Amino acid sequence: MRAAVEQRLIGPDQPVVGLLDVAGIRAAAAELWAAFNEVVAPGTPVLHAFAVKAASLVPVLRLLADEGIGCEVASPGELALARAAGVRPEHIVLDAPAKTTAELREAIELGIAVNADNPQELARLDALVRPRTGPGPALPPGPLGLRVNPQVGGGSIGALSTATATSKFGVALLDPGAREWVVNAFTKRPWLTRLHAHVGSQGCPLELMAAGVRATYELAEEINRTVGRQQIDTLDIGGGLPVNFASDEITPDYLDYALLLRDTVPGLFDGRYGLVTEFGRSLIAKSGTVLARVEYAKSAGGRPIAITHAGAQLATRTVFAPESWPLRVMAYDGEGVPKPTGPDGPVAQDVAGPCCFAGDLVAVDRPLPELQPGDLVALLDTGAYYVSNHFAYNSLPRPGIYGFSISGSGKNTRVRFAPVRSPQSLDEIVAESGGEHAGALSGL
Ligand SMILES: *Cc1c(COP(=O)(O)O)cnc(C)c1O
């Protein structure tokens with residue numbers, strides 16, 4: 001924090017930034033590899049694909065690619081980011097609930113893996129993979145699969161529970177006739193070689209996720225038995241590992257989950273199936289920090305309120321669903337030094353954002369050292385689904401994001417920053433708000 005102030009990443013004119021710990025991201029990637037290497041049979045093809053929506057930032061995707069991690073994409077924009085980061089097609093998986101025919105065609109032409117969501121999408125794939133008769137060799141498509149919803153139930157956050165009975169994702173496996181339909185769909189399509197399930201996310205116990213993977217594995221076994229060969233050669237088990245937002249501890253970790261999967265679904269790792277994972281939040285949440293200046297400190301109805309520059313525009317989930325997404329807040333002085341608690345102990349305060357609605361609070365009645373104008377607040381564990389998921393309310397600019405690395409120690413500590421995303425300019429805000437069409441309505 002001190003280095004961010006000294007190197008002027010944050011100050012009166014740049015009152016909010018996102019910081020990403022490069023070593024932390026690398027360490028999470030290494031832990032992911034190590035955990036699954038512990039359980040898979042030697043030689044098993046494994047693709048760990050980062051769910052791009054968790055941090056849709058090209059330099060982050062490149063950093064992860066350097067660590068051997070691919071991308072799970074769910075829109076043309078996310079696919080474009082993965083390609084801009086130089087991620088190879090064979091390391092990209094396309095999952096999305098509303099892919100258009102053009103998007104499916106592009107994916108097949110690029111040779112990236114696609115998981116169809118439903119019978120109608122599978123029918124579109126039928127038309128696209130039919131051997132082409134035109135000039136030139138037909139490109140073999142990348143691996144194609146089907147997403148299923150094992151309907152094992154939800155976690156504590158409804159909006160993030162993907163495997164409830166009525167979830168919108170995949171083919172609902174326990175619905176009458178669905179399982180038979182899926183088995184038959186594979187029998188008729190020798191090119192359909194993967195099953196995909198993503199049972200998450202935040203708020204879901206590991207046992208629930210493992211039960212979803214088990215149901216998916218059992219379906220793959222049934223399909224392969226029915227067709228009499230190993231037609232399904234890869235299982236895509238999705239992401240969804242929850243993150244601990246209450247302390248610095250990483251719990252659960254990838255090894256907890258990998259070992260639980262080995263116990264719950266031993267056949268998954270015996271070498272017959274390739275493995276794809278799609279973790280997002282757990283790869284990056286703990287490596288991100290939002291740092292924001294306190295502009296004013298006021299009081300209303302006896303409640304001290306710090307008005308800061310971090311609110312719903314970047315902590316959208318925390319502001320709108322505070323019970324599900326509480327964040328730790330730390331208080332620093334204007335130099336970036338942790339603020340000591342005053343002689344009377346911590347002061348219960350609201351930490352508010354800059355948006356013009358009353359609920360724009362990232363913490364309510366939170367005991368903290370008393371905040372003053374010019375102080376800084378840090379929102380911890382905000383690497384995933386915060387800085388990169390901007391909400392354009394009040395036309396507030398997207399803040400700059402910087403990666404950092406620390407070397408040396410004591411007096412010789414050196415902190416180096418690199419830009420990940422430039423702060424949005426006012427010209428860019430005008431441009432994305434119809435600036436080029438300024439007179440269009442007056443002329444109608
Ligand atoms: C969002 C998503 C993920 C990643 O979920 P996390 O909870 O961030 O790990 C993986 N797969 C699919 C299909 C998703 O929609």
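Counting starts at 1 for both ligands and their atoms, in listed order. From a predicted model like this one, the values you see are computed outputs, not experimental measurements. Along the sequence shown, the residues carry numbers beginning at 1.
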>> List ligand 1 atoms under 4.0 Å from Phe279, heavy atoms only on the residue side.
In response: 9 (O)

>> Holding to ring pair (Phe, Tyr, Trp, His ring centres under 6.0 Å), I want the full list of residues that pass it with Phe245, two or more places apart in sequence or in another chain.
In response: none

> Please state which protein non-hydrogen atom is closest to atom 7 (O) of ligand 1 and give its distance, to 0.1 Å?
Replying inline: Ser201 OG, 2.4 Å

> So do the side chains of Met1 and Thr289 get within less than 4.5 Å of each other, counting heavy atoms only?
Replying inline: yes

>> Which option wins on minimum heavy-atom distance to atom 5 (O) of ligand 1: Met209, His198, His196?
In response: His198

>> Please find the pair of heavy atoms, one from Met209 and one from Leu241, that lie closest to each other, and give the distance.
In response: CE-N, 3.8 Å

> Which ring-ring contact (aromatic ring centres under 6.0 Å, His included) pairs, counting each pair once, include a residue from residues 42-63, with sequence neighbours left out?
Replying inline: Trp33-His48, Phe36-His48

> Hey, which atoms in ligand 1 end up nearer than 4.0 Å to a heavy atom of Gly280?
Replying inline: 4 (C), 6 (P), 8 (O), 9 (O)

> For atom 8 (O) of ligand 1, what's the nearest protein heavy atom and its distance?
Replying inline: Tyr385 OH, 2.6 Å

>> Considering both backbone and side-chain atoms of Ser282, is one of its nitrogen or oxygen atoms within less than 3.5 Å of a nitrogen or oxygen in ligand 1?
In response: no

>> Tell me the nearest of Lys53, Glu278, Glu72 to atom 2 (C) of ligand 1, using heavy-atom distances.
In response: Lys53

> Looking at Gly240, which atoms of ligand 1 are within less than 4.0 Å of one of its heavy atoms?
Replying inline: 5 (O), 6 (P), 7 (O), 9 (O)

> Under 4.0 Å from any heavy atom of Arg281, which atoms of ligand 1 are there?
Replying inline: 6 (P), 7 (O), 8 (O), 9 (O)

> Which heavy-atom pair separates Ile305 from Ala352 by the least distance, and what is that distance?
Replying inline: CG2-CB, 4.0 Å

>> Please classify the Phe169 to ligand 1 contact at 4.0 Å (heavy-atom distances, strictly less than): side chain, backbone, both or neither.
In response: neither

> So do the side chains of Glu278 and Val93 get within less than 4.5 Å of each other, counting heavy atoms only?
Replying inline: yes

> Backbone, side chain, both or neither: what part of Gln202 comes under 4.0 angstrom of ligand 1, heavy atoms only?
Replying inline: neither

> Between Leu235 and Arg194, is any pair of side-chain heavy atoms under 4.5 Å apart?
Replying inline: no

> Heavy atoms, side chains only, cut-off 4.5 Å: are Phe404 and Ile406 in contact?
Replying inline: yes

> So, does Glu180 use its side chain to make a donor-acceptor pair with the main chain of Pro176 at under 3.5 Å?
Replying inline: no

> Does Val213 reach the side chain of Tyr257, with side-chain heavy atoms less than 4.5 Å apart?
Replying inline: yes

> Short N/O distance, under 3.5 Å, between Asp95 and ligand 1?
Replying inline: no

> Arg147 heavy atoms, cut-off 4.0 Å: which ligand 1 atoms fall inside?
Replying inline: 13 (C)

>> Below 4.0 Å, non-hydrogen atoms only: which portion of Ala54 touches ligand 1? Side chain, backbone, both or neither.
In response: neither

>> Any nitrogen or oxygen of Ala51 lying under 3.5 Å from a nitrogen or oxygen in ligand 1? Just yes or no.
In response: no

